[in-house]
Amino acid sequence: MSQRIKIKALLESEQTDIEVTVKGWVRTFRNNQFIALNDGSTNSNIQVVVDFENTDQALLKRITTGAAISVSGILVASLGKGQKVEVKAKEIEVLGDSDPEKYPLQPKKHSLEFLREIAHLRFRTSTFGAIFRVRNSLAFAIHQFFQERGFIYLHTPIITASDAEGAGETFHVTNFDLANPPKTESGEIDFSQDFFAKATNLTVSGQLEGELGAMALSDIYTFGPTFRAENSNTTRHLAEFWMIEPEMAFYDLNDNMDLAEALLKYVIKYALDKNAEDIEFLTQRLQEEEKQKPQNERSEMSLLEKLQFCLDNDFERLTYTEAIEILRESTPNKKKKFQYPVEGWGTDLQSEHERYLVEKHFKKPVILTDYPKQIKAFYMRQNEPDGSGRETVRAMDILFPGIGEIVGGSQREERLEKLEQRMDEMGIPKDELWWYLDTRRFGACPHAGFGLGFERLVLFVTGMGNIRDVIPFPRFPKNAEF
RNA sequence: UCCUGAGUAGCUCAGCUGGUUAGAGCAUCUGACUGUUAAUCAGAGGGUCCCUGGUUCGAGUCCAGGCUCAGGAGCCA
């Protein structure tokens with residue numbers, strides 16, 4: 001018997017009339033004769049043709065949707081129209097039965113909501129097969145991009161004692177018996193008796209630790225899980241998500257933006273090359289989905305076109321102040337179509353404003369820089385106040401159509417006095433972050449970095465609408481199934 | 001967390017101003033057919049109408065509370 005060959009390789013095979021063995025899961029079994037077999041190596045199925053007149057009835061009954069089978073036979077040019085080649089089966093073995101009365105995946109369309117409830121089986125659908133192959137490629141491409149540029153992959157801690165950054169609510173990590181934690185004399189929980197002898201939590205960002213690495217290794221990046229205990233119920237937020245956080249010594253904000261834009265283009269290009277078939281399938285899927293929508297809500301470009309457009313055009317770069325001017329003069333603002341009218345300078349942009357800039361005004365990815373100081377984090381480098389006394393920081397957010405903020409970054413404040421002054425203003429405890437401040441005491445230098453939300457990237461590249469569909473097992477409020 | 005909408009067969013849904021035996025398509029099963037591609041044709045089985053309480057002679061339908069899901073907002077990546 002020949003060795004198992006994956007379906008992807010089989011379909012790419014130049015030879016026919018050769019003996020092959022394929023193994024996979026039955027998608028459909030039509031006409032007692034044609035098995036559509038998939039093994040996850042590619043979006044396409046291989047058609048297995050069964051000589052049903054000379055095959056045991058009992059065996060035929062066991063070839064059901066979802067069953068795992070092994071097929072040995074001859075790869076031949078297909079007699080049918082839907083495929084180039086097919087396998088004429090000589091021998092079929094059912095490796096794992098699948099009771100069709102109980103198997104939840106039927107040979108029909110299923111809603112994404114239903115598939116979310118059976119996330120352990122949704123990998124077996126064409127859509128999720130495509131999504132997770134693309135996700136894999138994007139992850140690999142990210143490492144390749146940084147490795148090619150001499151960045152060091154730095155593993156920052158998952159458990160940390162610093163919740164001072166203010167990036168969001170944290171999940172507590174403790175070894176205490178929650179029904180009966182040790183208390184201090186004043187009745188508070190006594191963390192000095194806990195595993196780490198202090199209160200700890202799951203990381204909300206590896207940035208601060210990343211900066212420590214960059215201050216010796218020059219260019220580092222992290223790529224790991226991140227946790228936020230925010231009660232966020234949206235299509236763009238997860239309680240557990242993966243984040244890429246590069247941090248570069250001797251970079252200013254422009255270098256930072258150049259790197260982020262190059263990274264995004266590189267990984268999108270990689271996925272387009274590597275997963276052409278999957279992206280083609282996802283493009284079709286999105287097109288079908290958009291047919292359900294009214295004409296004016298459909299997007300002008302297909303998924304494939306959007307991705308290509310992203311590669312072919314420079315991202316639009318402008319300052320927060322310039323963006324406010326555009327929004328103030330915009331038609332929806334003048335016609336009072338915005339739910340939140342654009343008036344003063346200094347407040348954060350609402351989703352509808354970002355959407356307008358990206359999807360209506362520029363119609364391409366946008367990088368906003370130099371946000372007001374009071375709406376941004378303490379570690380961002382402070383600009384000199386402008387003529388009218390407006391105080392800004394060297395921040396940059398990259399906004400993508402349909403996604404919103406995909407990257408958030410900044411040049412970091414490397415001047416100790418400025419940093420300490422800002423921490424005092426914002427009530428950030430300097431003593432807890434003594435190690436962070438040490439980098440500003442010893443060999444401080446200009447540096448910058450950003451955070452890229454991996455799932456948001458996957459959302460964009462796959463054209464999916466809900467972030468819970470681009471991570472294998474999503475974690476969100478009231479759900480930690482699987 | 002807030003706003004809006006939804007929860008009826010395995011899935012997607014219909015079910016009128018409350019009324020007696022709750023329907024359809026797909027899926028499944030049985031049979032026929034046998035080069036199919038969402039196969040086709042004939043037949044069959046399949047229901048905690050989300051939960052709790054209330055109104056009523058009578059509730060899938062009305063009311064209250066709760067749970068869950070979806071979309072939008074906020075928080076952000």
Side-chain angles (χ1 to χ4, degrees), chain A residues 27-36 44-53 60-61 64-66 76 78-83 86 88 98-118 126 165-169 204-207 222 225-245 260 288 292-293 297 338-340 348-355 375-377 397-400 403-409 450-460 465-471 476-479 481:
Chain A
R27 284 286 173 85
T28 62
F29 184 27
R30 267 189 302 273
N31 230 0
N32 225 7
Q33 213 177 155
F34 304 102
I35 303 170
S44 303
N45 304 321
I46 184 82
Q47 172 155 287
V48 175
V49 185
V50 183
D51 180 7
F52 69 99
E53 281 165 328
L60 290 174
K61 291 262 183 248
T64 58
T65 302
V76 296
S78 179
L79 300 173
K81 275 184 179 164
Q83 55 284 316
E86 61 194 18
K88 237 179 159 47
S98 175
D99 182 348
E101 302 259 21
K102 293 180 182 146
Y103 187 58
L105 285 173
Q106 301 156 0
K108 69 185 284 277
K109 289 239 188 269
H110 287 298
S111 67
L112 295 171
E113 291 82 7
F114 172 66
L115 293 171
R116 219 170 280 151
E117 291 169 14
I118 50 165
S126 297
E165 201 212 324
E169 288 294 311
V204 293
S205 164
Q207 180 201 314
T222 74
T226 309
F227 309 88
R228 305 268 166 96
E230 299 287 347
N231 190 9
S232 294
N233 291 288
T234 79
T235 54
R236 299 177 203 85
H237 292 85
L238 290 165
E240 176 182 292
F241 63 101
W242 288 67
M243 192 152 62
I244 296 100
E245 295 182 290
E288 288 294 313
Q292 314 296 318
K293 292 190 193 167
E297 285 175 31
F338 283 142
Q339 199 186 335
Y340 299 89
D348 214 346
L349 298 179
Q350 301 291 321
S351 290
E352 57 178 348
H353 304 145
E354 295 182 349
R355 274 236 155 85
I375 59 171
K376 287 291 180 183
D397 283 0
I398 302 185
L399 310 176
F400 262 39
I403 313 286
E405 188 179 340
I406 195 167
V407 164
F450 61 87
L452 166 64
F454 185 55
E455 281 74 20
R456 289 188 179 175
L457 173 66
V458 183
L459 260 188
F460 182 72
N466 192 318
I467 203 164
R468 296 169 187 181
D469 293 331
V470 299
I471 186 167
F476 52 93
K478 293 174 182 163
N479 193 301
E481 194 67 58

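Per chain, numbering begins at 1; letters A, B, ... match sequence-line order. Quick note: numbers below take in every heavy atom, side chains included, and nothing from hydrogens, waters or symmetry partners.
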Counting heavy atoms from C-beta on, name the nucleotide in B/rU37, B/rA73, B/rU1 closest to the side chain of A/Q47.
-> B/rU37
The side chain of A/T234 lies closest to which of these nucleotides: B/rC75, B/rC29, B/rA70?
-> B/rC75
Any donor-acceptor N or O pair under 3.5 Å, side chains A/S126, A/R27 = yes
Per A/Q350 side chain, nearest of listed nucleotides B/rG74, B/rA77, B/rA27 | B/rG74
Check the pair A/H353, A/Y340 against ring-ring contact (aromatic ring centres under 6.0 Å, His included), reporting the backbone distance first and the verdict last.
-> CA-CA 9 Å; A/H353 304 145; A/Y340 299 89; 7.1 Å; no
Roughly, in whole Å, what's the span from NE2 in A/H110 to C1' in B/rA27?
-> 8 Å
The nucleotide from B/rG71, B/rU68, B/rG35 with an atom nearest the side chain of A/L79 is B/rG35
Would you mind telling me which of B/rC11, B/rG35, B/rU30 lies closest to the side-chain atoms of A/S78?
-> B/rG35
What is the minimum heavy-atom distance between A/E169 and A/V204, and which atoms define it?
-> O-CG1, 4.1 Å
Assess whether one donor atom and one acceptor atom, taken from the side chain of A/S232 and the base of B/rC76, lie less than 3.5 Å apart.
-> no
Could you please spell out the steps behind the salt bridge (Lys or Arg N to Asp or Glu O under 4.0 Å) verdict for A/K376 and A/D348?
-> CA-CA 9 Å; A/K376 287 291 180 183; A/D348 214 346; 5.5 Å; no
Pairwise C1' distance for B/rG7 and B/rG15, with rounding to whole Å = 15 Å
When rounded to the nearest 0.5 angstrom, what distance separates CD1 in A/I471 from CZ in A/F454?
-> 9.0 Å
Which of the following nucleotides, B/rG74, B/rU36, B/rG72, is nearest to the side chain of A/R236?
-> B/rG72
Which nucleotide, B/rG10, B/rU68, B/rA73, lies nearest any side-chain atom of A/K478?
-> B/rU68
Of the nucleotides B/rU37, B/rG10, B/rA77, which has the atom closest to the A/Q106 side chain?
-> B/rG10
Checking N1-N3 plus N6-O4 or O6-N4 for Watson-Crick, or N1-O2 and O6-N3 for wobble, each under 3.5 Å, the partner of B/rU36 is none
What nucleotide, of B/rC76, B/rU36, B/rU34, holds the atom closest to the side chain of A/Q83?
-> B/rU36
Would you indicate what A/G451 reaches in the nucleic acid, counting non-hydrogen atoms under 4.0 angstrom: base, sugar-phosphate, or nothing?
-> sugar-phosphate
For atom P, what is the distance between B/rU4 and B/rA64, given to the nearest Å?
-> 13 Å
Base-pairing mate for B/rC2 - Watson-Crick or G-U, with both contacts under 3.5 Å = B/rG72
Classify the nucleic acid contact of A/F114 as base, sugar-phosphate or nothing, counting any heavy atom under 4.0 Å across all strands shown.
-> sugar-phosphate
Do A/Q339 side-chain and B/rG72 base share a donor-acceptor contact under 3.5 Å?
-> no
Searching all strands shown, indicate the nucleotide that pairs with B/rU21 (Watson-Crick or G-U wobble; both distances under 3.5 Å).
-> none
Using the C1' atom in both, what is the distance from B/rU1 to B/rC63, to the nearest Å?
-> 26 Å
If you measure from the ring centre of A/F454 to the centre of the six-membered ring in the base of B/rA77, is it under 5.5 Å, with the planes under 30° apart?
-> no
For B/rU61, which nucleotide in any strand shown is its Watson-Crick or wobble partner with both distances under 3.5 Å?
-> none
In whole angstrom, give me the gap between the P atoms of B/rU8 and B/rG60.
-> 15 Å
OP1 or OP2 of B/rG71 under 4.0 Å from side-chain N/O of A/N233 = no
Testing B/rU37, B/rU1, B/rA77 for proximity to the side chain of A/M243, the answer is B/rA77
What integer number of Å spans the C1' atoms of B/rA39 and B/rU34?
-> 10 Å
